[in-house]
Asker: 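I am attaching a structure below and will ask some questions about it afterwards.
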Amino acid sequence: MIEVGAAAPDFELADQDGEKVRLEDLRGQRSLLVFYPADFSQVCTDQLSVYQEVVPQLEERGLRLYGISVDSAFSHKAFQQQLGVSIPLLSDFHPKGEVAESYGVYIPERGHALRALVLIDEDLKVAWAYQPPSPLEIPGANLIFDALDSLDAVAQ
């Protein structure tokens with residue numbers, strides 16, 4: 001997994017609406033990349049639903065979330081609509097898993113990303129990263145708030 005302090009690897013991915021999202025678009029804001037294995041799986045559905053519940057509080061703290069999986073933009077659109085989530089979902093579809101691999105969270109033999117969180121700061125550096133010990137474990141929203149608290153304490 002990518003190390004804290006590293007420059008965030010560059011990317012350009014289509015979101016659920018086919019719009020391009022580039023790493024450079026994230027400059028000047030704190031962003032959380034939420035890597036997850038697959039749309040419509042039960043654990044991923046639960047994970048994104050939990051995060052959706054706290055999106056307003058995270059945005060108040062200056063954090064923007066982006067989900068990333070190897071599913072297509074079309075799958076992301078259907079998944080987003082079914083869940084009723086506003087979190088942009090980015091498609092790491094082709095070349096499959098290239099962005100997940102650059103962040104050190106791709107499993108080539110399985111063809112999908114690990115479940116992982118990567119917080120990128122305003123200068124596009126990795127400020128915090130987390131990978132749960134099991135792919136079935138959902139990293140709770142409390143982990144994200146704790147990371148923000150730690151980063152804010154250091155900045156003061």
Side-chain angles (χ1 to χ4, degrees), residues 1-2 4 8-9 11-23 25-26 29-108 110-122 124 126-151:
M1 179 164 200
I2 195 162
V4 170
F11 65 81
E12 179 180 306
L13 297 173
D15 70 9
Q16 71 284 342
D17 297 316
E19 300 295 323
K20 297 291 184 186
V21 176
R22 297 166 186 80
L23 175 67
D25 298 337
L26 310 184
Q29 69 181 30
R30 290 195 293 190
S31 304
L32 184 69
L33 304 182
V34 178
F35 289 94
Y36 64 97
D39 291 344
F40 299 103
S41 71
Q42 187 59 52
V43 177
C44 296
T45 298
D46 291 347
Q47 180 180 11
L48 290 177
S49 295
V50 165
Y51 296 166
Q52 181 62 40
E53 290 179 20
V54 296
V55 162
Q57 293 91 341
L58 292 171
E59 288 180 348
E60 285 174 11
R61 301 279 307 266
L63 185 68
R64 179 83 195 261
L65 273 64
Y66 297 87
I68 301 177
S69 81
V70 297
D71 296 295
S72 72
F74 301 110
S75 177
H76 282 338
K77 184 68 172 181
F79 186 50
Q80 187 185 53
Q81 287 176 336
Q82 178 178 316
L83 284 179
V85 300
S86 62
I87 300 165
L89 302 178
L90 309 182
S91 177
D92 195 10
F93 185 72
H94 184 73
K96 187 174 186 180
E98 182 177 60
V99 173
E101 186 171 346
S102 72
Y103 282 80
V105 298
Y106 186 67
I107 311 169
R110 308 232 32 224
H112 63 73
L114 293 164
R115 194 172 313 283
L117 305 175
V118 179
L119 197 150
I120 299 171
D121 71 15
E122 299 87 345
L124 307 181
V126 175
W128 175 80
Y130 178 80
Q131 180 184 331
S134 164
L136 298 178
E137 182 180 315
I138 296 172
N142 60 315
L143 289 170
I144 301 167
F145 287 108
D146 290 348
L148 290 172
D149 289 344
S150 281
L151 293 170

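In this chain, residues are counted from 1 in sequence order.
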Asker: Under a 3.5 Å distance rule, please check whether D92 uses its side chain to pair with a backbone N or O of V99 as donor and acceptor.
Answerer: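 Yes, because the side chain of D92 sits within donor-acceptor range (under 3.5 Å) of the backbone of V99.
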
Asker: Under 3.5 Å, side-chain donor or acceptor atoms of residues 30-39 against the rest of the protein: list the pairs with distances, not counting sequence neighbours.
Answerer:
from, atom 1, to, atom 2, distance (Å)
R30, NH1, D152, OD1, 2.9
R30, NH2, R61, O, 2.8
R30, NH2, D152, OD1, 3.4
S31, OG, Q29, NE2, 3.0
Y36, OH, D39, OD1, 2.6
Y36, OH, H76, ND1, 3.4
D39, OD1, H76, ND1, 3.1
D39, OD2, S75, OG, 2.9
D39, OD2, H76, N, 3.2
D39, OD2, H76, ND1, 2.8

Asker: Can you give me the closest heavy-atom contact between I120 and A8, atom names plus distance?
Answerer: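 Taking I120 first and A8 second, the nearest heavy atoms are CD1-CB, 3.8 Å.
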
Asker: Does CZ in R22 sit with more than 12 non-hydrogen atoms of other residues, nucleotides or ligands closer than 6.0 Å?
Answerer: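 More than 12 within 6.0 Å, yes.
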
Asker: More than 12 non-hydrogen atoms from neighbouring residues, nucleotides or ligands closer than 6.0 Å to CZ on F93, yes or no?
Answerer: no

Asker: Decide yes or no for P88 and V21: does some side-chain heavy atom of the first lie under 4.5 Å from some side-chain heavy atom of the second?
Answerer: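 P88 does not reach V21 side chain to side chain.
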
Asker: Testing the basics here: between R115 and C44, what is the closest heavy-atom pair and its distance to 0.1 Å?
Answerer: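 Answer, listing the atom of R115 first, then C44: NH1-SG, 3.5 Å.
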
Asker: What is the distance from atom CD1 of I68 to atom CD1 of I87, rounded to the nearest 0.5 Å?
Answerer: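 Going from the CD1 atom of I68 to the CD1 atom of I87 covers 12.5 Å.
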
Asker: Quick check: closest heavy atoms across G140 and Y51, and the distance to 0.1 Å?
Answerer: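 Answer, listing the atom of G140 first, then Y51: C-CE2, 4.3 Å.
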
Asker: Ignoring hydrogens, what is the shortest heavy-atom contact between L83 and S49? Give both atom names and the distance.
Answerer: CD2-OG, 3.6 Å

Asker: What are the two closest heavy atoms between V105 and A116, and how far apart are they?
Answerer: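 Where V105 meets A116 most closely, the heavy atoms are CG1-CB, 3.7 Å.
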
Asker: Which value, rounded to the nearest 0.5 Å, describes the distance between I144 atom CD1 and L65 atom CG?
Answerer: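 Output value for this atom pair is 5.5 Å.
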
Asker: List the residues meeting side chain to side chain contact (heavy atoms under 4.5 Å, CB included) with I138, not counting sequence neighbours, and say none if there are none.
Answerer: V43, D46, Q47

Asker: Between CG of L148 and CH2 of W128, what distance do you get to the nearest 0.5 Å?
Answerer: 8.5 Å

Asker: Distance check, rounded to the nearest 0.5 Å: K77 atom NZ versus S91 atom OG?
Answerer: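 Between K77 NZ and S91 OG, I get 14.0 Å after rounding to 0.5 Å.
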
Asker: Do D71 and L89 come within less than 4.5 Å of each other through their side chains, counting heavy atoms only?
Answerer: no

Asker: Who pairs with F79 by ring-ring contact (aromatic ring centres under 6.0 Å, His included), at least two apart in sequence or on another chain?
Answerer: F40

Asker: Side chains of Y66 and L13: closer than 4.5 Å at any heavy-atom pair?
Answerer: no

Asker: Could you tell me if the side chain of V55 sits less than 4.5 Å from the side chain of V85, heavy atoms only?
Answerer: no

Asker: Where do V118 and M1 come nearest, in terms of heavy atoms and distance?
Answerer: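 What the structure gives for the nearest pair is CG2-CE, 3.9 Å.
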
Asker: How many angstroms lie between atom CD of Q52 and atom CG of L58, to the nearest 0.5 angstrom?
Answerer: 10.0 Å

Asker: Got Y106 and E98 here, is their nearest side-chain heavy-atom distance under 4.5 Å?
Answerer: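 Not in contact.
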
Asker: I'd like to check R64 versus E59 (side-chain heavy atoms, cut-off strictly below 4.5 Å). Are they in contact?
Answerer: yes

Asker: Would you confirm whether K96, through its side chain, and G111, through its main-chain N or O, come within 3.5 Å as a donor-acceptor pair?
Answerer: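 Between the backbone of G111 and the side chain of K96 there is a qualifying donor-acceptor contact (under 3.5 Å).
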
Asker: If I take atom CZ from residue F74 and atom CG from residue D17, how far apart are they, to the nearest 0.5 angstrom?
Answerer: 11.0 Å

